[in-house]
Protein chains: 2
Amino acid sequence: MSTQTIAMHPSSGAVCLNADAAGDADILRSLGTIQSLSRNGRIYAEGDETDAWYRIVSGTACLYRIMPDGRRQIGVFLLPGDFFGFEAGPTHRFAAEALGDTKVVRYPRNRLERIADKDPDFGRRLRDIACQRLDAAHDQLLLLGRKTALEKVASFLMEMIRHAPDSAFVHLDMSRGDIGDYLGLTLETVSRMFSQMKHLGAIALPAANAVRVLDHEMLASIAGEAVDESTPVLRAVGRA
Amino acid sequence: MSTQTIAMHPSSGAVCLNADAAGDADILRSLGTIQSLSRNGRIYAEGDETDAWYRIVSGTACLYRIMPDGRRQIGVFLLPGDFFGFEAGPTHRFAAEALGDTKVVRYPRNRLERIADKDPDFGRRLRDIACQRLDAAHDQLLLLGRKTALEKVASFLMEMIRHAPDSAFVHLDMSRGDIGDYLGLTLETVSRMFSQMKHLGAIALPAANAVRVLDHEMLASIAGEAVDESTPVLRAVGRA
DNA sequence: CGAATTGTTGAAGTGCTTCAAATAACGTGG
DNA sequence: CCACGTTATTTGAAGCACTTCAACAATTCG
């Protein structure tokens, strides 16, 4: 888990927040420090000071919270390009941890603030990033509150696909237990739903941590995101 | 449902986001237009353009999303002082609706942006507000994903109490159905949990839409927010 | 190659939902 | 101000989706 002072430009590969689209790449380039982590490597803990913004360069991480009796909720899976770590309070309410070999850039908050003070566009970008995280959180509220187990797992896969370079194949850095804690399910239920989608012909499971999408439309339909409004044919699948 | 052009200062009574603490009251004062709504009055619909920020002056509102088959998830209840309406995308993903007689201020987005362009502190404030909404959404993820029905309803009451002027009495503008759609439960389950907390002696129900808190500590304990870490005596209540 | 970890599948249990009915609260017009 | 229809809430009983417990299979790693 080395920490270099060398600044690096965030991976231009899988960008999730249109972050490189604006002209702020140059600004960010000389601002952050890189952290390299391996599976379960802690980026920050619940209760740590919120004194920086972070961004995933490569790999996968997650934000989570654990209740006194051990119940865990993963708030979000973070993929390359994703920003995180900004909260309103003085201390983190969620912990941040790497799921596999992961590289993260750390941007000290006061430096960002100083830049934003002089560059309104940059400040606006920070605001947009926060708003995008809020949108994602709101989507997750609908998922957790009102979707069935099958819809939840299908939605999760759709989300992974959306961020993957190949929309027909996804490699999962997280375990079934991690996915369960993200979707509000047990790991057994997650596994069962994967099997069910396999039997339905929506996906194939070449390995435990890899998913091949056989029928993208069916998957979207199961997830409750019917691509074509006029043909909600498979809506019934999720309930029958 | 009238719309005046007269600008008004948001109620300085129950402020939830420390919004009046900073010196931006003067700025906001001359910026917004007031909207008066009654029960079920629509502030904006899903799909409408995201061209403004809003703030509750008085009353209560909520953000919600409805699935094609009618399932509804309320993302957040909005109380006096709360800001809302800012999203990253060009259109609203959640609709906004009043729950009772409610007054809302509407701040056109481009005007806010123009002010933020010249006043970095104001821009920072907008950012902080977005981050606070994000914190609240993350808390709700834990609630929806991992808490039991009793814990959910107790947590909901704790949240209402936190925002109420009198911490021993809360008037609820929302129906049991609204609360259910907020907590990912049916209205019957919400009602049963209210009854259960009454039998436990944590609350009294002088009217259907009013709650008197008899044992604040017990309520906090049921909600999973034990005030005193060393005495998690009642943690068992939620599960027995 | 064998031990440990992770994933899958089965069977029984339970917490919440669904369906149904009764009660209470509300609003409206007489 | 009260009677009445309407709507919201409470409570009961049955059903079901997901969990829990348990065993087995597959994969990983020393």
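Below, all heavy atoms of this structure are taken into account, side chains as well, without hydrogens, waters or symmetry copies. Every chain is numbered from 1 and lettered A, B, ... according to where its sequence line falls, protein lines coming before strand lines.
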Length of the line joining [X]:[atom1] and [N]:[atom2], which is rounded to integer Å:
X      : N      : atom1 : atom2 : result
B:E151 : C:dC16 : CD    : P     : 9 Å
B:K147 : D:dC18 : NZ    : C1'   : 21 Å
A:D178 : C:dT6  : CG    : C1'   : 11 Å
A:I179 : C:dG7  : CD1   : P     : 8 Å
B:L172 : C:dC26 : CG    : P     : 13 Å
A:Q196 : C:dG10 : CD    : C1'   : 15 Å
B:L183 : C:dG15 : CG    : P     : 18 Å
B:L150 : C:dT14 : CG    : C1'   : 16 Å

Taking atom types as modelled, is there a side-chain donor on A:E97 or A:Y64 under 3.5 Å from an acceptor on the other?
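Side chains of A:E97 and A:Y64: pair found under 3.5 Å.
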If only side-chain N and O atoms count, and only distance matters, is there a donor-acceptor pair under 3.5 Å linking A:E188 with A:S191?
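No, no side-chain donor-acceptor contact under 3.5 Å.
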Which pairs pass salt bridge (Lys or Arg N to Asp or Glu O under 4.0 Å) with one or both residues in residues 170-184 of chain B, sequence neighbours excluded?
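Sorted result for residues 170-184 of chain B: A:R146-B:D181, B:R39-B:D178, B:R72-B:D178, B:R72-B:D181.
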Decide, yes or no, whether a salt bridge links A:E151 with B:R71 under the criterion of side-chain N to carboxylate O below 4.0 Å.
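Yes.
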Can a salt bridge be assigned to the pair B:R93 and A:D139 using a cut-off of 4.0 Å between side-chain N and carboxylate O?
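Salt bridge between B:R93 and A:D139, a charged N being under 4.0 Å from a carboxylate O: yes.
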Applying a 4.0 Å non-hydrogen cut-off, can you work out what B:G180 is touching in the nucleic acid: base, sugar-phosphate, or nothing?
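Counting heavy atoms under 4.0 Å across all strands, no contact is made by B:G180.
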So, A:K198 side chain and A:A204 main chain: donor-acceptor pair closer than 3.5 Å or not?
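Such a contact is absent between A:K198 side chain and A:A204 backbone.
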Could you write out DNA chain C as a dot-bracket string, with dots for unpaired bases, | for bases paired across to another strand, and Watson-Crick or G-U pairs counted at under 3.5 Å?
||||||||||||||||||||||||||||||
Just say parallel, tilted or perpendicular for the rings of B:F156 and B:Y182, cut-offs at 30° and 60°.
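Ring orientation of B:F156 relative to B:Y182: perpendicular.
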Which word best sums up how the rings of B:F84 and B:Y54 line up, parallel for under 30°, tilted for 30 to 60°, or perpendicular for over 60°?
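It falls in the parallel class, under 30°.
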Given A:V104, which partner from the list A:L78, A:T33, A:L37 fulfils the side-chain contact (heavy atoms from CB on, under 4.5 Å) test?
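Testing A:V104 for a side-chain contact (heavy atoms from CB on, under 4.5 Å) against A:L78, A:T33, A:L37 leaves exactly one candidate, A:L37.
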Every protein N/O lying under 3.5 Å from an N/O of nucleotides 5-10 of chain D:
{"residue": "D:dT9", "atom": "OP2", "partner": "B:R176", "partner atom": "N", "Å": "3.2"}
{"residue": "D:dT10", "atom": "OP1", "partner": "B:R176", "partner atom": "NH2", "Å": "3.1"}
{"residue": "D:dT10", "atom": "OP2", "partner": "B:R176", "partner atom": "NE", "Å": "2.7"}
{"residue": "D:dT10", "atom": "OP2", "partner": "B:S191", "partner atom": "OG", "Å": "2.7"}
{"residue": "D:dT10", "atom": "O5'", "partner": "B:S191", "partner atom": "OG", "Å": "3.1"}

